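See below for the structure under consideration.
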Amino acid sequence: FSSRVRLGRGAGCAGGGMVVLDARANEGRALLQMLDELRRSSQGSAGITVSVLAAADHDGLCASRILTTLLQRSGVKYAVCPVTGNAEITVHLRQLCEDSEVRSVVLLNCGAAVDLEKQLRECGAPPEVRCFVVDAHRPLLLANLEPRNRQVVVIDDDPLADDDACVVRPPIGEDDEDTGGAASGGDSEDDKENHWEPDSRGPKGGMEGRERKRSRALERQERLERKRQRIHEYYQLSYFATPVAVSLFKMAKQVSAPSQDLLWIAAVSLTAYYDLGLVAKVEYERVVWEELKEALDRHDDFGSLDDGGSSAPDRASQPSEAEGELSQRPALSTLQGRRHGRLRFESDPGVLALTLYKHWTLEESMMHSSYFYGTLELHRDKGQRAMKNFFATAGVSPADFRQLYSGVSLPVRRSLQEKFREHGRTYGLVDSRMFLEQFVRDLAPGEEQNSLFLHDLSCTDAVHIITALLSSVPPSLSSAHVESLPQTSDGRIDTVAVHEREREAMVENFWRAFDAVLCKDPATLREGIAEAIDVAKAVQSLARVIKDSKAMHGNKLFRWCKIEQPSHIFRHHIAVRRLAVWLLHVLFAYRPKGEGPEKPLLVIVRDHVRDTYLCVGSTPTTRPELDEFGNRFRSALRTDGSLKFRYDFFDKSCIEIAADDFDRFWEIMIDSAA
């Protein structure tokens, strides 16, 4: 297993027991139980005792930042390994039989869809190894919740599970009412054969006994059918629970006073869920106020993160001198943090929802912000005129809105929010959409930052940077460089070798984003801003093509569009999700006269390198938790077992289908919606 890892070291409820720990009960004590177990299992070992498997997405990245900080403070040695799919989790588990030091595996925003107990058993992992799963993806695989599990612990932080009307999990284990066991009041057939019933003697009694047996069998069958139906209903909807980074931030608050950096990381993760259309605004606002803003108010004077700064990742797989140096860096990191300005929360009205506007021009930012683009219909000449009239009415000259924000006159910059609030209503713009309440971090006034004109950065800006870095696809892996890609002996593209190169690129992306999330490295920020702008341009441009070519289709249940010649940027599912969310916004949610009611949208993108179609589903912004695409994909795969596919994504609203099999797959999808 060649995945690069980052090593770390700091200062140090055993055995089986509860399989599911409720992180919402007892003020989140379940999270501390996990941390205590990681500390306990590290005692007496000089090697790496904790293996952290982090999903290569925004939440896995942010959660690993927080967890590794706490492990360093606790003196626990760890290794972080980014994983890009469920298959990589299995590969990693196979290594455990070769590593006698690892005693705990923590899976961050991944693992909930893998039967971990079974995998550990089949891989021959030592029986003392325990897996702790903290995953926001729902539904959870019910096999991971079985009481008989001895090596798997699931940390559950799901607000929807608190409301029985929203999410009802089927009974788990052998003692529930549907198994026909003793708890249900029924008896097994073997028990009946060895049970003496005096009233069953004679023809009449024998007939009554047979009648009772048939009745009990029918009752058992009905109970099993009800259980199967509940399981089917449970797996129908996909949604996201509390972001893992937010859960771990709650754990950090219980350990000690939180740092401004840990709060920032949790806020970035939460904002990314909202920005990518994965949680509704009402849920975003609830968490940001109840969990994060409250922490800022309680610890107004907290300091910076002492986690070793944003050093480059160690590439070795064993402890090295670099690891020792890492533990000596907190003092330097703390000094760097103190040079940063305060972390603040912008509310009433919040931060302008303009994409990277402080690092771009106002005109370009409006053209690439879904709310303004959709509401003003900026794809039309009429909309372009409306935007220019808006600027003129607000007193923003072309010289100001067509140059970088740093060059805009000071009076305009100081009054920009008020100008939008005062004059936006005339153009159909409302405050609740023009602004978003969020955290903003003041950046250090050093020379390097000033050269980027970075005086502060909002969470939304950070999300654009992080997701752009995570979804970056090297040009060498684009269809324009097919001749340089690995090939098989018969001259075809070697898909296995290409997949490995892509995986290595995604792991490298993870570490770039890992270093960028704290916004302390000007060079990484510069790269991230440039890539984020490229993604925003590609999304807007392709969406315009889809609109103009009338490529949007639909039925009574969902809409879809199919793109045959996309930019190589859309070879990554995060970029495709950005496109899907943009289309939902500008064509339906924000457009004054939307093209019909909002429905779920499936974006289908041809990948000429892998010779596949990448399908990414997105749901309307009002109810993103009602995602049925995962269930539809699974149903299609069950219907035709000969389909060649990749369904290894942590997000089950994403699937990859071989190009030769796509027509058959799509026919099943359409038939199921008829």
Side-chain angles (χ1 to χ4, degrees), residues 138-139 160 165-168 228-240 276-282 370 374-375 377 379 542-564 573 576-606 613-640 643 645 647 649 651-657 661-674:
R138 295 295 184 275
L160 289 184
C166 293
V167 177
V168 180
R228 281 192 289 266
Q229 181 62 28
R230 293 175 67 178
I231 291 174
H232 174 72
E233 292 173 355
Y234 173 70
Y235 282 124
Q236 273 192 321
L237 296 180
S238 300
Y239 65 97
F240 289 87
L276 293 172
L278 301 174
V279 299
K281 189 174 184 180
V282 64
S370 62
T375 303
E377 297 184 285
H379 63 284
L542 184 52
R544 179 71 179 266
V545 171
I546 292 170
K547 165 67 178 172
D548 293 344
S549 62
K550 295 181 170 38
M552 188 70 69
H553 308 283
N555 55 38
K556 64 180 181 180
L557 296 181
F558 63 91
R559 292 186 175 90
W560 72 88
C561 58
K562 187 179 179 185
I563 303 109
E564 292 287 351
H573 62 92
V576 179
R577 176 166 297 284
R578 278 213 170 275
L579 173 63
V581 172
W582 174 276
L583 289 168
L584 282 175
H585 285 178
V586 302
L587 296 183
F588 306 103
Y590 300 150
R591 192 175 179 187
K593 296 180 181 179
E595 299 182 359
E598 288 189 84
K599 295 179 182 179
L601 173 63
L602 185 63
V603 177
I604 306 160
V605 178
R606 179 68 185 266
Y613 283 95
L614 176 61
C615 308
V616 177
S618 185
T619 54
T621 54
T622 52
R623 296 300 300 274
E625 69 273 14
L626 299 180
D627 184 358
E628 297 184 2
F629 283 114
N631 184 56
R632 294 185 187 282
F633 294 158
R634 289 190 294 270
S635 178
L637 298 180
R638 287 193 300 266
T639 302
D640 187 345
L643 292 172
F645 64 92
Y647 199 31
F649 300 93
D651 181 356
K652 290 308 174 184
S653 62
C654 303
I655 193 171
E656 191 175 13
I657 303 294
D661 292 349
F662 182 79
D663 289 342
R664 285 188 289 127
F665 167 79
W666 191 241
E667 183 178 354
I668 297 171
M669 289 286 291
I670 294 300
D671 288 345
S672 67

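These numbers come from a predicted model, not from an experiment.
The CG atom of Leu579 sits 10.0 Å away from atom OG of Ser618, with the distance rounded to the nearest 0.5 Å. With values rounded to the nearest 0.5 angstrom, Gln236 atom CD is found 9.0 Å from Arg634 atom CZ. The line from CZ of Arg138 to CG of Asp627 is 14.5 Å long, rounded to the nearest 0.5 Å. In this structure, the separation between CZ on Arg544 and CD1 on Ile546 is 12.5 Å, given to the nearest 0.5 Å. Within the model, atoms CD1 of Ile657 and CG of Asp663 stand 11.5 Å from one another, a figure rounded to the nearest 0.5 Å. Between atom CZ of residue Arg632 and atom OG of residue Ser238 there is a gap of 11.5 Å, rounded to the nearest 0.5 Å.
A donor-acceptor pair shorter than 3.5 Å cannot be found between the side chains of Glu377 and Tyr590.
Every residue two or more places apart in sequence or in another chain that forms a salt bridge (charged side-chain N to carboxylate O under 4.0 Å, His left out) with Asp640 is listed here: Arg664.
Considering only heavy atoms from C-beta on, Ile604 comes within 4.5 Å of Trp666 through its side chain. Using a 4.5 Å heavy-atom cutoff, the side chains of Thr639 and Phe665 are not in contact. Side-chain contact between His585 and Glu598 is absent, with no heavy atoms from C-beta onward closer than 4.5 Å. No side-chain heavy atom of Cys654 sits less than 4.5 Å from a side-chain heavy atom of Cys615. Using a 4.5 Å cut-off on side-chain heavy atoms (C-beta onward), Pro600 and Pro620 make contact. Annotation: side chain of Tyr647 is in contact with side chain of Lys652 (closest heavy-atom distance under 4.5 Å). Under the 4.5 Å side-chain criterion, counting only non-hydrogen atoms from C-beta, Met669 is in contact with Leu602. When side chains are defined from C-beta on, Lys562 counts as touching Tyr613, because their heavy atoms get closer than 4.5 Å.
The pair Asp651-Arg577 meets the salt-bridge criterion, since a charged nitrogen lies less than 4.0 angstrom from a carboxylate oxygen.
Between Val603 and Ala580 the shortest heavy-atom distance is CG2-CB, 3.6 Å. Considering every non-hydrogen atom in both His232 and Asn631, the closest pair reads CE1-OD1, 4.5 Å. Shortest non-hydrogen contact noted between Leu601 and Phe629 is O-CE1, 3.6 Å. Between Leu643 and Ala636 the shortest heavy-atom distance is CD1-O, 3.9 Å.
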For this session: Might you work through the side chain to side chain contact (heavy atoms under 4.5 Å, CB included) test for Arg578 and Leu276, ending with a clear yes or no?
Result: CA-CA 6 Å; Arg578 278 213 170 275; Leu276 293 172; 3.9 Å; yes
For this session: Determine, stepwise, if the pair Leu587 / Lys547 fulfils side chain to side chain contact (heavy atoms under 4.5 Å, CB included).
Result: CA-CA 8 Å; Leu587 296 183; Lys547 165 67 178 172; 3.9 Å; yes
Contacts table for residues 549-558: side-chain donor-acceptor under 3.5 angstrom, sequence neighbours left out:
from, atom 1, to, atom 2, distance (Å)
Ser549, OG, Val545, O, 2.6
His553, NE2, Ala551, O, 3.4
Asn555, OD1, Leu557, N, 2.9
Asn555, OD1, Phe558, N, 2.9

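Under a cutoff of 6.0 Å and an axis angle of 45°, Lys599 and Phe588 do not form a cation-pi pair.
Residue-environment remark: CD (Glu667) stays at or below the threshold of 12 foreign heavy atoms within 6.0 Å.
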